[in-house]
Amino acid sequence: MIRFESVTKKYGKKTILNKLSFEINQGDFVVLIGPSGCGKTTTLKSINRLIEPDGGKIYVDGRDIMKENPVELRRKIGYVIQQIGLFPNMTVEQNIAVVPKLLKVPKEEWQQRVKDLLNLVAMPYEENAHMYPSELSGGQQQRIGVLRALAASPPIVLMDEPFGALDPLTRDSLQEEVKKLQKKLKKTIVFVTHDMDEALRMADVVIFMDQGEIVQMASPEEMLQNPASPLVKSFLGKHLNNGAVLLASDVMKSRVLKVHREMQTLQSVELMRNRDVNSLIVINDDETYAGTISIERIKSAGKAGTQIGGLLTMEAPVVQVSDPAQSAFELLMESPTGYVIVLHEDQTVAGLITKTSMAKAMGETLWGGDAV
Amino acid sequence: MNNLPNYILEHLVIVLIATAIAVVIGILLGVIAYWVKWAEQAILWLVEIIQTIPSLALLALLMIFFGLGNPTIIAGLVLYALMPIVRNAHIGLTGVENHLKDAAKGMGMSRLQRLVKVEIPLSFPLIFSGIRISVVNSLSIAVMGVLIGAGGLGFPVYRGIQTNNMEMILTGAIPVVLMALVFDHLMNRFEKKLMRS
């Protein structure tokens with residue numbers, strides 16, 4: 001969809017973009033991020049030729065943009081800026097309809113489009129279309145800014161820190177709306193931000209830039225797991241610890257001793273003694289979790305020569321592998337048995353969380369895998 | 001002085017024609033100064049120089065080209081009216097916020113479209129303020145027209161001076177002052193309204 005081939009831009013002696021090459025696929029939400037002066041905005045503005053590179057080539061839809069008429073190119077690419085940039089001399093409707101009018105779309109058509117778009121963001125046409133931008137709140141103004149960029153149905157939309165000037169609450173809801181719109185309308189979005197929260201939240205692909213070069217281009221998950229440089233790491237900051245939610249499966253030990261319910265009581269006591277444990281996880285014939293049995297239980301209620309199946313208790317707390325580690329942690333603290341059973345979706349036993357396994361996993365998360 | 005309404009009307013017509021021409025030329029020069037970097041200083045400097053030429057001298061000069069009568073005074077008024085209009089147009093156009101120009105460009109407006117749809121509408125309050133100053137100036141300068149055979153309220157003023165008739169001077173002068181006040185007031189109000197929206 002968008003392809004950069006060793007694109008270079010210099011201002012005087014300062015290199016802004018240094019042989020930048022990358023490719024953006026159709027329908028992806030791509031976030032450009034990096035410290036100020038890293039070239040992210042320059043990269044964005046090169047796509048609609050607001051800035052023209054000194055070297056290299058940029059292709060949009062397979063066509064070299066330097067060979068296209070810049071005015072026509074820009075009409076095919078939506079553009080949203082941080083300062084919103086609604087024209088104060090035009091109403092909401094006129095603002096949204098700017099590009100369709102430039103493209104000479106018939107009036108009935110663009111009017112319908114304005115109505116549809118306003119509906120998408122729950123700003124009814126009748127109430128809002130004839131307002132002037134100054135009569136709207138900042139969040140509403142930027143909603144209109146986004147709609148204006150979408151009005152001519154461009155396949156690509158460029159967004160230059162669009163929510164940077166909004167309060168956190170408004171920013172949250174706009175991020176959600178834009179992400180929804182993008183999925184619904186299947187747009188390719190290139191989005192500049194310096195806010196890692198925003199990047200991780202919105203992006204399919206994050207491009208991390210520094211000094212005019214790409215440091216890392218990866219999905220948010222991949223970047224969180226393998227930050228390519230200390231700079232990326234410092235940008236990810238708190239997300240490295242809390243950003244990716246720990247799951248029960250991350251804090252359990254998976255090599256656990258399981259026995260069938262048909263096992264004889266004496267045999268199981270022997271096993272516990274040998275392994276130096278005081279209870280066993282018991283499973284049914286189809287491998288599903290049946291319960292637990294402790295050595296005390298056998299001593300108090302069991303008779304020699306019977307099967308353990310009749311003595312099972314369900315006192316150990318149970319979680320699923322995909323449950324958050326936090327809830328497993330809380331259960332573990334309250335558990336009478338001192339451990340929590342982790343089950344797969346098909347009720348088979350996946351592992352066991354003990355205080356030791358929990359502490360180990362937390363230590364790894366906090367100080368990195370090598371520290372523990 | 002039963003001719004007074006005619007003098008007033010003629011005076012007004014001369015000023016309005018001159019203003020109309022000055023608005024067209026003035027905005028055009030303002031746009032050129034805004035668009036063409038190298039012409040910017042030259043244009044601003046030129047309209048300022050014109051302003052400093054004494055009206056009598058300017059009219060005498062223009063008479064060589066336009067002869068006696070109304071065309072000469074109109075040409076003179078146009079020249080004097082240019083400065084405030086060109087200046088304000090230039091300030092207004094350069095002063096349109098950069099992010100709006102950026103947005104307009106980024107959405108695919110050509111230079112002319114940006115000018116007509118965004119930049120001129122947004123700088124219009126300032127341009128209008130320039131026009132108001134021009135009109136008020138022109139109303140008083142137009143009195144000089146009588147010296148080169150033009151009509152208007154200059155006639156009773158000049159006649160009054162020649163015959164040492166104070167009453168006659170005032171019959172010419174008072175309507176000029178009143179018209180200037182009225183125009184200034186009305187246009188000022190309109191201007192405030194523009195600024196607010």
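Letters A, B, ... mirror the listed sequences (proteins, then strands); counts begin at 1. Note that the coordinates shown come from a computational prediction; the quantities given were computed from them, not determined experimentally.
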> So which part of R49(A) gets closer than 4.5 Å to some heavy atom of chain B, the side chain, the backbone, both or neither?
Replying inline: neither
>> If I measure from the heavy atoms of chain B, does N48(A) come under 4.5 Å with its side chain, its backbone, both, or neither?
In response: side chain
>> Looking at R159(B), I want to see if its CZ is surrounded by more than 12 non-hydrogen atoms of other residues, nucleotides or ligands under 6.0 Å.
In response: no
> What do you reckon, is CZ of F22(A) surrounded by more than 12 foreign heavy atoms closer than 6.0 Å?
Replying inline: yes
>> Under 4.5 Å from any heavy atom of chain B, what part of L158(A) do you find: side chain, backbone, both or neither?
In response: neither
> By a 4.5 Å heavy-atom criterion (distance strictly below it), what part of Q113(B) contacts chain A: side chain, backbone, both, or neither?
Replying inline: side chain
> V71(A) versus chain B, heavy atoms under 4.5 Å apart: side chain, backbone, both or neither?
Replying inline: both
>> Can you tell me if H99(B) has over 12 outside heavy atoms packed within less than 6.0 Å of its NE2?
In response: yes
> Crowded around L170(B) CG? As in, over 12 foreign heavy atoms under 6.0 Å?
Replying inline: yes
>> Atom CD1 of residue position I49(B) - does it have more than 12 heavy atoms of other residues, nucleotides or ligands inside 6.0 Å?
In response: yes
>> Measuring only between side-chain heavy atoms, which start at C-beta, is D102(B) closer than 4.5 Å to K45(A)?
In response: yes
> Any side-chain heavy atom of M107(B) sitting closer than 4.5 Å to one from R148(A)?
Replying inline: yes
> Do L100(B) and P88(A) come close enough that some side-chain heavy atom pair is under 4.5 Å?
Replying inline: yes
> Counting only heavy atoms not in E167(B), do more than 12 fall under 6.0 Å of its CD?
Replying inline: no
> Counting heavy atoms not belonging to R143(A), are there more than 12 under 6.0 Å from its CZ?
Replying inline: yes
> With no hydrogens and no angle check, is any side-chain donor or acceptor of R75(A) less than 3.5 Å from a backbone partner on G108(B)?
Replying inline: yes
> Does any heavy atom of chain A fall under 4.5 Å from the side chain of K101(B), the backbone, both, or neither of them?
Replying inline: neither
> More than 12 heavy atoms of other residues, nucleotides or ligands under 6.0 Å from CD of E23(A): is that the case?
Replying inline: yes
> At what distance, to the nearest 0.5 angstrom, does NZ of K117(B) lie from CE of M90(A)?
Replying inline: 6.5 Å
>> Using heavy-atom distances under 4.5 Å, tell me whether L73(A) contacts chain B through its side chain, its backbone, both, or neither.
In response: neither
>> Rounded at 0.5 Å granularity, tell me how far CE in M109(B) sits from CZ in F87(A).
In response: 4.0 Å
>> Looking at every heavy atom in both G85(A) and A103(B), which two are closest together, and how far apart are they?
In response: O-CB, 3.7 Å
